[in-house]
Amino acid sequence: MKIYNTLTKTKEEMQTIEPGKVRMYVCGPTVYNLIHIGNARPMIVFDTVRRYMEYKGLEVNYVMNFTDVDDKIIKASIAEGVDAEVISNRYIEECKKDMEGMNVRPATTHPQATLEIEGMQDMIHTLIKKGHAYVAMDGTVYFRTRSFEEYGKLSHKNLDDLRSGNRSLQVSGAEQKEDPLDFVLWKPKKDGEPFWESDWCDGRPGWHIECSVMSKRYLGEKIDIHAGGEDLVFPHHENEIAQSEAANGQEFARYWMHNAFLNIDNKKMSKSLGNFFTVRDISEKYDLRVLRFFMLQAHYRSPLNFSADLMEAAKNSLERIENAVENLKFLAENSTTSERIEKETALLQEAMTFTEQFEKAMDDDFNTADAISAIFDLVKFANLNANGESSKEFLSELRDQIIRLMDICGIVVEKKEEMLDSQIESLIAERQQARKDRNFARADEIRDILLEKGIILEDTREGVKWKRIVD
RNA sequence: GGCGCCAUAGCCAAGUGGUAAGGCAAAGGUCUGCAACACCUCUAUCACCAGUUCAAAUCUGGUUGGCGCCUCCA
């Protein structure tokens, strides 16, 4: 299994610290509002990475935090006249609902920054003791960037470029920093803000220290994979490395994975620009499986453009796969032979090559776009080789294979067994009679009635099939 | 100003040295009372220029056009 590592800018064969086990940390959202579809990309991408690793037999300890102390949360709490906690807890719950809708599995642990303050203070103490941090006059604690020699190794920047190249940094350096690139580990409270007591001042932690500490607490000082959006490479992840490695004296994470951005009409989507859709917005128009499928059709390191047309295309594509699964199920239910015949054994063996194709693509830095094309090849193969004469065993093996691969992608194509509404059943029977009587007007009328209820009928050689509309 | 990424058919998107996967859409056809599903057929020399090579979408240099990070941000 190969992973593209931002640290080395190459694909590397994954070797875990502990055989058979993966320690993985994903930077989660700041919970001050409903998550948007940009937030959804890393959730979907890395959930798929996790699912694939588990499929390959690895045990994944998966941690995704919630950043629940932040300027915007505080701003929202002041606007509503409630505690910051009320805001963050509310949106953590909403985020979990959205994750469930996208079939993103809950992490092994979902730590929250405000519950880990003690660990943060410990790490800051250590950094001060080791000379990597200092306390300013007002109690702010800064990380001494120049004390960490490898600073810049993740984002491949060097300190001189950063210093000379950036105007705003130089201006803001007028504070009490020793160096404009030093960043905050602990900052003093302002009126009305949540705060914690500390040896330096009443205040709250800087953003970067949170992830360093939560990662260490739940996964240990050294982890296998640290992941997040590409915008976090600098400064967030760069700073995490500096803090963690300076404090712990060893490498922080082996592999750094970053997903590219989701754009709207070729423009960056951001909360500050206001051109964003929440996952909740999308869920009103589409089944969230469509959103998930849409995102997995591109490679996670390529920018992806979002639009209504593209969602429609993704929906139609997904339907093709679902149709095949439905069709196989229908044929199996009506098949008269149960055991497979020799020829079918050979066909099933051939079908396995699609699973191999799928795995080969996923092994190559989780190339979901390629992996999904293998699923389509399998779908084509199934459509071509399954018919009324096929055995039950053959049909269900094919169906299981498609379902299994889609399941790795985190998309459930197996419809739950639903009780056939007796009303629907009798309408279908009535329509069949009408067709027999060549009363096509009535037959079409019944079909329209069912269509309005979201039921699509399909007349096939083997009988009438029905399915619920996907949207 | 500094660092970096991308450019493949109408649209989306793999492929990163050996003569272009897959999906959507469109067109024609088979099946069918019609429709839908499915199947068959059909759509590209890979932004442009120059070079390296027996061989380049794939490597090198340049041009043009997009975009990202350097500030809260997935």
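Proximity of A:Asn367 to the phosphate of B:A14: no side-chain N or O atom is located under 4.0 Å from OP1 or OP2. Between A:Asn39 and B:A74, a side-chain N or O to OP1/OP2 separation shorter than 4.0 Å is present. Side-chain nitrogen and oxygen atoms of A:Asn316 include at least one within less than 4.0 Å of the OP1 or OP2 phosphate oxygen of B:A25. The side chain of A:Ser302 contributes no N or O atom lying less than 4.0 Å from OP1 or OP2 of B:A7. Proximity of A:Lys9 to the phosphate of B:C3: no side-chain N or O atom is located under 4.0 Å from OP1 or OP2.
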Please determine whether salt bridge (charged side-chain N to carboxylate O under 4.0 Å, His left out) holds for the pair A:Asp459 and A:Arg431, giving the CA-CA distance in whole Å, both sets of side-chain angles, and the decisive distance to 0.1 Å.
CA-CA 11 Å; A:Asp459 298 326; A:Arg431 175 168 172 274; 2.8 Å; yes

What's the verdict on salt bridge (charged side-chain N to carboxylate O under 4.0 Å, His left out) for A:Lys2 and A:Asp364, showing C-alpha distance, side-chain angles and the deciding distance?
CA-CA 5 Å; A:Lys2 283 188 174 159; A:Asp364 184 18; over 6 Å; no

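A:Leu310 places its CG atom 7 Å from the P atom of B:C12, with the value rounded to the nearest Å. If you measure from atom CD1 of A:Ile321 to atom C1' of B:G22, you get 10 Å, rounded to the nearest angstrom. One can place CD of A:Glu326 at 12 Å from P of B:A38, the figure rounded to the nearest angstrom. Between the CZ atom of A:Phe293 and the P atom of B:A13 there is a distance of 14 Å, rounded to whole Å. Going from atom CD1 of A:Ile411 over to atom C1' of B:G23 covers 13 Å, rounded to whole Å. In this entry the distance linking OH of A:Tyr32 with P of B:C72 reads 13 Å, nearest Å. Distance, A:Ile372 CD1 to B:C12 C1': 12 Å, rounded to whole Å.
Atom name C1', nucleotides B:U52 and B:C42: the rounded distance is 38 Å, in whole Å. Across B:U32 and B:A36, the matching C1' atoms stand 10 Å from one another, rounded to whole Å. One C1' atom belongs to B:U8, the other to B:A14, and the distance between them is 10 Å to the nearest Å.
Under the 4.5 Å side-chain criterion, counting only non-hydrogen atoms from C-beta, A:Leu328 is in contact with A:Ile402. Taking 4.5 Å as the limit, some side-chain heavy atom of A:Tyr91 sits within range of a side-chain heavy atom of A:Asn33.
The six-membered or imidazole ring of A:Phe306 lies near that of A:Phe294, with a centre-to-centre distance under 6.0 Å. With ring centers used as reference points, A:His208 lies under 6.0 Å from A:Phe183.
Taking the ring centre of A:Phe376 as origin, the terminal cationic atom of A:Arg320 falls outside the region bounded by 6.0 Å and 45° from the ring axis. Stacking of A:Lys157 on the aromatic ring of A:Phe234 is recorded, both the 6.0 Å distance cut-off and the 45° axial limit being met.
Ring planes of A:Trp256 and A:His226: parallel class, angle under 30° (limits at 30 and 60°).
For A:Lys72 and B:C72, a side-chain-to-base donor-acceptor distance below 3.5 Å is present, hydrogens and geometry of angles not being considered.
No engagement by A:Thr460 is indicated, since no non-hydrogen atom pair under 4.0 Å with the nucleic acid exists. A:Phe261 comes within 4.0 angstrom of a base, heavy atoms only.
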Both atom distances under 3.5 Å, Watson-Crick or G-U wobble: I'd like the secondary structure of RNA chain B as a dot-bracket string, with | for pairs made across strands.
((((((((.[[[..)..(...]]]..((((.......)))).....[[[[[..)....]]]]])))))))....

Identify all pairs in which a protein N or O lies below 3.5 Å from an N or O of nucleotides 28-34 of chain B, and state each distance.
| residue | atom | partner | partner atom | Å |
| --- | --- | --- | --- | --- |
| B:G33 | O6 | A:Arg435 | NE | 3.3 |
| B:G33 | N1 | A:Asp444 | OD1 | 3.2 |
| B:G33 | N2 | A:Asp444 | OD2 | 3.0 |
| B:C34 | O2 | A:Arg447 | NH2 | 2.6 |
| B:C34 | N3 | A:Arg447 | NH1 | 3.0 |
| B:C34 | N3 | A:Arg447 | NH2 | 3.4 |
| B:C34 | N4 | A:Asp459 | OD2 | 2.8 |

